[in-house]
Amino acid sequence: MAIDEETAITLWPEYFDSTRTRAQGRRLPLELCVKNPSLDMIAKGAILLDLDYSVHEDMCYPADWAARKGCVKVEKGKMKKSAILPKIGETLVNNQR
């Protein structure tokens with residue numbers, strides 16, 4: 001099923017990067033973050049949560065526009081962004097071990 005790009009939730013790798021501070025864009029506690037998360041890792045988390053997603057490699061985080069790391073957009077669905085972020089963070093940490 002395709003997602004609506006305009007209403008989708010955008011997940012930037014910066015949200016899950018343990019090398020960043022909260023002021024630099026990290027959204028989760030360090031226990032739920034990994035070093036340099038990739039778009040593939042975030043997409044895998046979306047798959048495990050059974051969310052439709054799309055990967056956008058050509059986009060850049062607004063606060064760090066020089067680094068084009070891309071983003072993953074997931075369907076809005078039943079969960080809020082505040083519920084999706086920690087669940088994807090858990091999958092990142094579990095898959096990095």
Side-chain angles (χ1 to χ4, degrees):
M1 183 172 139
I3 66 170
D4 182 7
E5 297 289 333
E6 293 181 16
T7 61
I9 296 171
T10 304
L11 303 176
W12 300 99
E14 287 81 358
Y15 291 175
F16 307 99
D17 193 346
S18 62
T19 63
R20 292 182 168 266
T21 64
R22 292 270 186 167
Q24 293 172 327
R26 182 173 49 86
R27 293 271 183 108
L28 297 171
L30 288 172
E31 300 83 41
L32 295 176
C33 294
V34 296
K35 187 175 181 179
N36 298 318
S38 68
L39 295 178
D40 291 335
M41 293 169 63
I42 297 170
K44 185 175 182 181
I47 290 170
L48 293 174
L49 292 176
D50 198 29
L51 298 171
D52 290 331
Y53 70 94
S54 62
V55 177
H56 299 269
E57 296 178 356
D58 58 336
M59 296 181 74
C60 56
Y61 186 61
D64 190 13
W65 55 269
R68 289 193 168 272
K69 293 183 179 181
C71 69
V72 176
K73 292 194 175 198
V74 297
E75 67 176 278
K76 202 162 193 170
K78 303 169 197 155
M79 294 190 290
K80 293 182 178 182
K81 187 173 188 174
S82 60
I84 292 173
L85 287 176
K87 290 185 180 197
I88 290 185
E90 287 176 20
T91 62
L92 294 177
V93 170
N94 291 337
N95 288 327
Q96 190 174 23
R97 290 182 187 162

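If you read the sequence from its start, that first residue is 1, and numbering goes on from there. No experiment lies behind these values; they were computed from the predicted model shown.
Rounded to the nearest 0.5 angstrom, Lys87 NZ and Leu32 CG are separated by 12.5 Å. For the atom pair Arg20 CZ and Asn36 CG, the distance stands at 9.0 Å (nearest 0.5 Å). One distance of note links CG of Leu30 with CZ of Arg22; it measures 8.0 Å at 0.5 Å rounding. Here the CG atom belonging to Leu48 is positioned 11.5 Å from the CD atom belonging to Glu90, to the nearest 0.5 angstrom. Going from atom CG of Asn95 over to atom NZ of Lys44 covers 4.0 Å, rounded to the nearest 0.5 Å. The CG atom of Leu28 sits 11.0 Å away from the OG atom of Ser18 when rounded to the nearest 0.5 Å.
Here the side chains of Glu57 and Val55 are in contact, with some heavy-atom distance below 4.5 Å. At a threshold of 4.5 Å between non-hydrogen side-chain atoms, the residues Leu51 and Met79 count as touching.
The shortest non-hydrogen separation linking Leu39 to Val72 is O-CG2, 3.8 Å. Of all non-hydrogen atoms in Gly25 and Tyr61, the two that sit nearest each other are CA-OH, 3.4 Å.
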Donor-acceptor list for residues 7-15 side chains, cut-off 3.5 Å, not counting sequence neighbours:
residue: Thr7; atom: OG1; partner: Asp4; partner atom: OD2; Å: 3.3
residue: Tyr15; atom: OH; partner: Arg27; partner atom: NH2; Å: 3.4
residue: Tyr15; atom: OH; partner: Lys81; partner atom: NZ; Å: 3.1

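In this view, Ser54 and Ile3, Glu5, His56, Lys73 satisfy the side-chain contact (heavy atoms from CB on, under 4.5 Å) rule, not counting sequence neighbours.
Looking at Arg26, its side chain never comes within 3.5 Å of a backbone N or O of Thr21 through a donor-acceptor pair.
For the 3.5 Å distance criterion, the side chains of Thr19 and Asp17 qualify, holding a donor opposite an acceptor.
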